[in-house]
Amino acid sequence: MNVAPRLRLRCPAQSRSVAPIRHALRAFLEAIGFDGKCVDDVTTAAGEALANAVEHAYPSDAGPASYVELHARIARGKLAVDVSDRGSFIQRERLPGRGFGLRIIRAVTPQIRIDTANGTNVRMRFHLPKS
Amino acid sequence: MNVAPRLRLRCPAQSRSVAPIRHALRAFLEAIGFDGKCVDDVTTAAGEALANAVEHAYPSDAGPASYVELHARIARGKLAVDVSDRGSFIQRERLPGRGFGLRIIRAVTPQIRIDTANGTNVRMRFHLPKS
Amino acid sequence: MSGSIETVRLSGELEISRKREIRDAFTLPEGAAAVLVDLSEVTYADSTALTELLRFCVTAQRDRIPLAVVIRTRQFARLVQYAGLAGAFEIFEDRNDALAYLNERVNP
Amino acid sequence: MSGSIETVRLSGELEISRKREIRDAFTLPEGAAAVLVDLSEVTYADSTALTELLRFCVTAQRDRIPLAVVIRTRQFARLVQYAGLAGAFEIFEDRNDALAYLNERVNP
Ligand SMILES: Nc1ncnc2c1ncn2[C@@H]1O[C@H](COP(=O)(O)OP(=O)(O)O)[C@@H](O)[C@H]1O
Ligand SMILES: Nc1ncnc2c1ncn2[C@@H]1O[C@H](COP(=O)(O)OP(=O)(O)O)[C@@H](O)[C@H]1O
């Protein structure tokens, strides 16, 4: 059985969900020994991905089936953080003066893949802190 | 597919894990609309169950396979919170001046079952806040 | 009897990971005639904190040193109720009330 | 030119759920010759905050009103870097330095 530390959270895709999910992620990271800049960077990246899911994934009148999910765990010597929704990714040109979310995510995340086959799944991989 | 809000967290069974898990639970409860006394009561009960897992479930030299897990979700009109470990429940007489943990859990939790077949699984069910 | 009222103060989250620190803090200050246990800045408490507080109260009682506990956080106040310990401590919401209570006992 | 330096202040977590409040706060105060954007008590910021801050700076620039931003939280300071906006704002860690910068511009 896999006994590695793990956090899995599913909440309604509403903007008031983002801060609590971020707080939960921060708490989890602290429990498994991350600190300082590492915690900040991972929560910053996850916060952006969560905000995107809440803001863009679903039509504004989406019902209770619209949710956002965060899954964090240690796997193969990395911290894996996936943020996913079941909405539709909206492809668009970057407008001047906005579109900082994905840019920030890319800046902090050493390894990232964005899957848009079935909703949006932002798959981020971070180095573990040296101990 | 079940899309109900859900929090699942697994951390090393160490005393420094308890506060972060509690904070994550609090954040989750706030995300799904609990507040005030409800949040306090649920985190108080879960905090006691977590502390017990960390303190009693495993021998003190237990390795990385010793973990504690929290699973919270809305199911059948209740908030279900399970705290589980894979250690061994230690049955003992209540000593005067201690043993407040289970007493506190019972006082706040309308419905509770403690399963000790495979480690300890404290299964708590709470009423949803009236909205 | 007359003497000084000493204060023991703890703040933040009083929980299992701070067990040792809590136990160390809950010792009778040298020469105290009475002790104000100021927990007004505690934001959360668990049964670890209660167990240590009870132990402290029992010690103080044995030495006939009156003790007043200030608790302001609702979660903590409820915890005392849930544990069935509401009668075990002299609890005050207001620091001045606690001091008045102790003053009466130290300088009757 | 001479005139008053007005302060716009926000604190806590500047994130998506506070978008409207952030946008409303980031408006030019009536009659301001310069604006100190005091974000020293911000504990966390996301791209929503950045986007609104940028919009505010662009408006101020258009009206030739100098603006100084105080940021102390490391997470926020890094966010600005990550977004590639380090050159877009006049950022200060110290409130007095920000005021000195604005004073120079208002009373040259
Ligand atoms: N989860 C998502 N669901 C749908 N579209 C998304 C999602 N995440 C990002 N996008 C698309 O990518 C664009 C760029 O996102 P981002 O860089 O965060 O900037 P912004 O949110 O300011 O537009 C969004 O405007 C949106 O079209
Ligand atoms: N997760 C657990 N694993 C093993 N034993 C447990 C667990 N939870 C409770 N127990 C047993 O139940 C007893 C009573 O627990 P509790 O009421 O919380 O008081 P205390 O922790 O102060 O002993 C513990 O002392 C322990 O023997």
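Just so we're on the same page: letters track the sequence lines, and every chain starts at 1.
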With rounding to the nearest 0.5 Å, note down the distance linking CG in C/L14 to CD1 in C/I22. 4.5 Å
Donor-acceptor under 3.5 Å (C/E93 side chain, C/V70 main chain): no
With a 4.0 Å cut-off, would you call [X] and [Y] a salt bridge?
{"X": "B/D115", "Y": "B/R113", "result": "yes"}
{"X": "B/D85", "Y": "B/R10", "result": "no"}
{"X": "C/K19", "Y": "B/E55", "result": "yes"}

Side chain, backbone, both or neither: which part of C/E13 has a non-hydrogen atom closer than 4.5 Å to chain B? side chain
C/F92 and C/Y101: ring pair (Phe, Tyr, Trp, His ring centres under 6.0 Å), yes or no, with the steps? CA-CA 9 Å; C/F92 301 86; C/Y101 166 87; 5.2 Å; yes
Would [X] and [Y] count as having a side-chain donor-acceptor pair, cut-off 3.5 Å?
{"X": "B/S84", "Y": "B/D82", "answer": "no"}
{"X": "C/E41", "Y": "C/T43", "answer": "no"}
{"X": "C/Q75", "Y": "B/T44", "answer": "yes"}

Among B/L50, B/V18, B/T43, B/V54, which residue has the highest count of heavy-atom pairs closer than 4.5 Å to chain C? B/V18
If you check every heavy atom in residues 105-112 of chain B against those of chain C, which residues fall under 4.5 Å? B/A107, B/V108
I need the contact set between residues 24-41 of chain B and chain C: heavy-atom distance under 4.5 Å, sorted by residue number. B/K37, B/D40, B/D41
With chain B as the partner, which of C/A88, C/A83, C/A45 has the greatest number of non-hydrogen pairs under 4.5 Å? C/A83
Could you tell me whether B/R22 sits above the aromatic face of C/Y44, with NZ or CZ closer than 6.0 angstrom to the six-membered ring centre and within 45 degrees of the axis? yes
Is atom CZ of C/R72 surrounded by more than 12 heavy atoms (other residues, nucleotides or ligands) closer than 6.0 Å? no
